[in-house]
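Everything below concerns the one structure shown next.
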Amino acid sequence: MLEKSFGLLYFLKKPKNSKGKRTHVYARITVDGIAKEFSIKQFWFTDRWDQRTNRAMGNKEDARSLNNYLDILTTKVYQFKKSLLEQEQDITAEKIYRLVLGKTEDKKMILEIFQKHNIRMAKLKGIDYAPGTIQRYITSFDHTKSFILWKYGIEDIELRKLNYEFINEYAYWLKTVRKCNHNTTVKYLANFKKIVLHCVKSGWLAKDPFYGFKMAKKEVIRVFLTAEELEKLRSKEITIERLEMVRDIFVFSCYTGLAYIDVRQLRHNQIAKGNDGEQWIITQRQKTNTPTRLPLLPTAMDIVEKYKNHPRCEVEGYVLPILTNQKMNAYLKEIANLCGIHKELTYHIARHTFATTVTLSNGVPIETVSRMLGHKSLRQTQHYAKIVDLKVSEDMKALKRKLETLVI
């Protein structure tokens with residue numbers, strides 16, 4: 001911040017209709033030509049005032065006392081000016097005057113601002129934000145609150161105290177105390193950064209404490225079932241009813257790409273005949289609120305038919321009688337053992353399998369896959385394209401054949 005022209009002057013100002021020599025002492029602070037005058041609540045005599053030095057004349061006790069007060073006040077004024085400069089705040093005569101009088105602006109507290117953000121977000125549930133997004137910010141708020149208590153021993157912290165060190169220590173705490181992996185840490189910091197940037201844009205925070213802090217996620221290799229594993233799972237005869245049902249619903253997601261929450265909320269009225277005469281799922285992703293339209297493959301349609309008379313499906317109108325995510329994942333581990341699949345199956349692997357083994361590996365264009373997955377950008381889908389080694393191998397074999405033909 002550039003240094004501004006600055007001046008401090010003390011002078012006497014006689015009240016109207018005053019006939020005596022005793023009058024008020026005033027201060028005038030001037031910044032870039034804009035002045036603020038105010039009484040310092042002291043009195044002095046006009047015939048004992050030196051206008052050149054702006055001080056009381058003489059060595060009497062009362063003169064020394066006033067001059068000492070003026071020296072202390074001068075020191076405070078310059079300290080306040082220095083403090084504003086260090087905080088990179090705008091320096092004005094009015095602001096210094098308010099600091100002198102102890103009339104500081106309301107302190108902005110980071111958790112208070114964070115809480116207000118989350119309350120506003122909750123009121124926009126289903127309009128601008130999905131429930132999962134709202135819950136993520138609630139969790140991020142709880143983590144931030146716990147960190148501040150752990151690090152500083154207080155319930156909240158002033159916004160102006162946020163700096164690079166705070167962010168660095170917060171990241172360390174998430175990884176060591178909360179045991180979050182790198183990408184999860186980055187996710188929570190990204191939630192917190194949204195709040196911080198709001199404060200910067202609102203003019204409450206002079207500088208972004210995240211400046212210079214690396215927020216890049218590490219690339220994660222997504223687990224998916226190969227064509228052989230998927231067929232082994234799909235065709236396995238399972239005699240335990242609960243495991244058979246979980247297997248079927250998992251396979252349904254392998255052939256539709258729907259996430260757990262989207263299958264859980266899928267109703268029969270969301271399956272309709274498309275322009276091509278085939279059955280389509282027409283819904284929107286719970287996580288991102290993006291529309292999803294995808295044709296039902298025969299395997300998925302067979303599973304819908306299989307469970308259409310299930311009590312829960314008949315009564316509640318759901319397409320499939322899905323269990324809780326925790327139970328689904330627990331039973332999937334049993335199913336993997338039964339099928340001889342040496343991967344730690346979780347429900348989300350079904351979505352990865354649809355993107356890789358079922359679609360991209362079979363030549364479905366990435367743009368089409370992206371739309372069916374309900375991705376907001378092609379970049380999200382490109383992660384899957386990177387791991388489809390089978391498709392790469394087939395393309396290279398085709399190239400090899402072309403090159404051999406050219407050589408001949």
Side-chain angles (χ1 to χ4, degrees), residues 220-264 266 271 278-279 281 292 294-310 313 318-366 368-369 372-374 381 383-398:
V220 177
I221 301 299
R222 289 171 168 81
V223 178
F224 62 96
L225 295 181
T226 63
E228 292 76 19
E229 290 169 333
L230 179 56
E231 178 56 30
K232 190 186 292 186
L233 182 75
R234 189 184 68 80
S235 60
K236 177 70 175 178
E237 187 176 338
I238 300 176
T239 57
I240 303 171
E241 186 179 342
R242 62 177 170 83
L243 295 184
E244 181 189 16
M245 184 180 74
V246 170
R247 184 273 309 274
D248 290 342
I249 297 172
F250 179 82
V251 169
F252 176 82
S253 277
C254 287
Y255 283 89
T256 60
L258 293 181
Y260 167 82
I261 188 63
D262 299 317
V263 176
R264 186 178 180 86
L266 187 63
I271 298 178
E278 301 293 331
Q279 294 295 308
I281 291 177
T292 299
L294 57 97
L296 273 172
L297 293 170
T299 301
M301 196 65 229
D302 290 344
I303 294 170
V304 171
E305 288 294 318
K306 182 176 178 178
Y307 290 95
K308 68 178 181 180
N309 295 322
H310 189 282
C313 297
Y318 291 112
V319 172
L320 295 171
I322 195 167
L323 305 175
T324 64
N325 200 19
Q326 290 80 0
K327 284 188 177 180
M328 293 292 288
N329 287 333
Y331 293 157
L332 281 170
K333 289 177 174 58
E334 292 185 52
I335 293 166
N337 290 332
L338 285 174
C339 298
I341 296 173
H342 305 294
K343 289 176 179 174
E344 188 174 344
L345 281 191
T346 62
Y347 197 87
H348 207 64
I349 287 176
R351 185 167 166 84
H352 300 330
T353 301
F354 173 78
T356 54
T357 303
V358 175
T359 56
L360 289 172
S361 292
N362 286 306
V364 178
I366 191 171
T368 303
V369 175
M372 290 192 292
L373 289 172
T381 321
H383 290 294
Y384 294 109
K386 290 178 183 178
I387 58 176
V388 186
D389 293 333
L390 179 62
K391 185 68 172 63
V392 172
S393 176
E394 288 174 353
D395 290 343
M396 291 305 290
K397 284 177 182 177

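Here the structure is a predicted model, which means the values were calculated and not measured.
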Exercise for the section: Using side chain to side chain donor-acceptor pair (under 3.5 Å) as the criterion, list what pairs up with Gln279, not counting sequence neighbours. Expected result: none
Exercise for the section: Heavy atoms only: give me the nearest Thr346-Leu332 pair and the separation to one decimal. Expected result: C-CD1, 3.7 Å
Exercise for the section: Take Val223 and His352 through the side chain to side chain contact (heavy atoms under 4.5 Å, CB included) test and state the conclusion after the steps. Expected result: CA-CA 7 Å; Val223 178; His352 300 330; 5.6 Å; no
Practice task
Taking side-chain contact (heavy atoms from CB on, under 4.5 Å) as the test, write out the residues that go with Asn325, two or more places apart.
Solution key: Tyr260, Asn329, Tyr347
Exercise for the section: State, with a plain yes or no, whether a side-chain heavy atom of Leu320 is found less than 4.5 Å away from one of Leu266. Expected result: no
Practice task
Sorted by first residue and then second, give each salt bridge (charged side-chain N to carboxylate O under 4.0 Å, His left out) pair with at least one member in residues 245-259; sequence neighbours left out.
Solution key: Asp248-Lys306
Practice task
Hey, could you give me the CD1/CE distance between Ile335 and Met328, rounded to the nearest 0.5 Å?
Solution key: 7.5 Å
Exercise for the section: Not counting sequence neighbours, which residues clear side-chain contact (heavy atoms from CB on, under 4.5 Å) with Ala300? List them please. Expected result: Phe252, Tyr255, Thr256, Leu296
Exercise for the section: Tell me, please, which residues at least two apart from Pro298 pass side-chain contact (heavy atoms from CB on, under 4.5 Å). Expected result: none
Handout entry: Under the side-chain contact (heavy atoms from CB on, under 4.5 Å) test, residues paired with Tyr331 that sit two or more places apart
Key = Arg242, Leu243, Val246, Leu323, Lys327, Glu334
Handout entry: Rounded distance (nearest 0.5 Å) linking atom OG of Ser253 with atom CD1 of Ile322
Key = 6.5 Å
Problem - Separation of Ile281 CD1 from Met301 CE (nearest 0.5 Å) - result: 9.0 Å
Handout entry: Sub-4.5 Å side-chain heavy-atom contact between Leu297 and Val358
Key = yes
Exercise for the section: Report the residues that fulfil salt bridge (charged side-chain N to carboxylate O under 4.0 Å, His left out) with Glu231, sequence neighbours left out, ordered by chain and then residue number. Expected result: Arg234
Practice task
Mind checking salt bridge (charged side-chain N to carboxylate O under 4.0 Å, His left out) for Lys343 and listing every partner two or more places apart, or none if nothing turns up?
Solution key: Glu229
Fill in the blank from the handout: CD of Glu244 to CD1 of Ile249, rounded to nearest 0.5 Å, is 10.5 Å
Practice task
Kindly indicate whether the side chain of Phe250, heavy atoms from C-beta on, has any atom under 4.5 Å from the side chain of Leu233.
Solution key: yes
Handout entry: Nearest-0.5 Å distance that lies between atom CG in Leu230 and atom CZ in Phe224
Key = 11.5 Å
Handout entry: Check: Leu225 and Leu345 side chains under 4.5 Å, non-hydrogen atoms
Key = yes
Problem - ring pair (Phe, Tyr, Trp, His ring centres under 6.0 Å) against Tyr307, all qualifying residues, sequence neighbours excluded - result: none
Practice task
Go through the structure and list residues passing salt bridge (charged side-chain N to carboxylate O under 4.0 Å, His left out) with Lys308, not counting sequence neighbours.
Solution key: Glu305
Problem - Taking every non-hydrogen atom, the tightest pair across Lys232 and Cys339 - result: CD-O, 2.7 Å
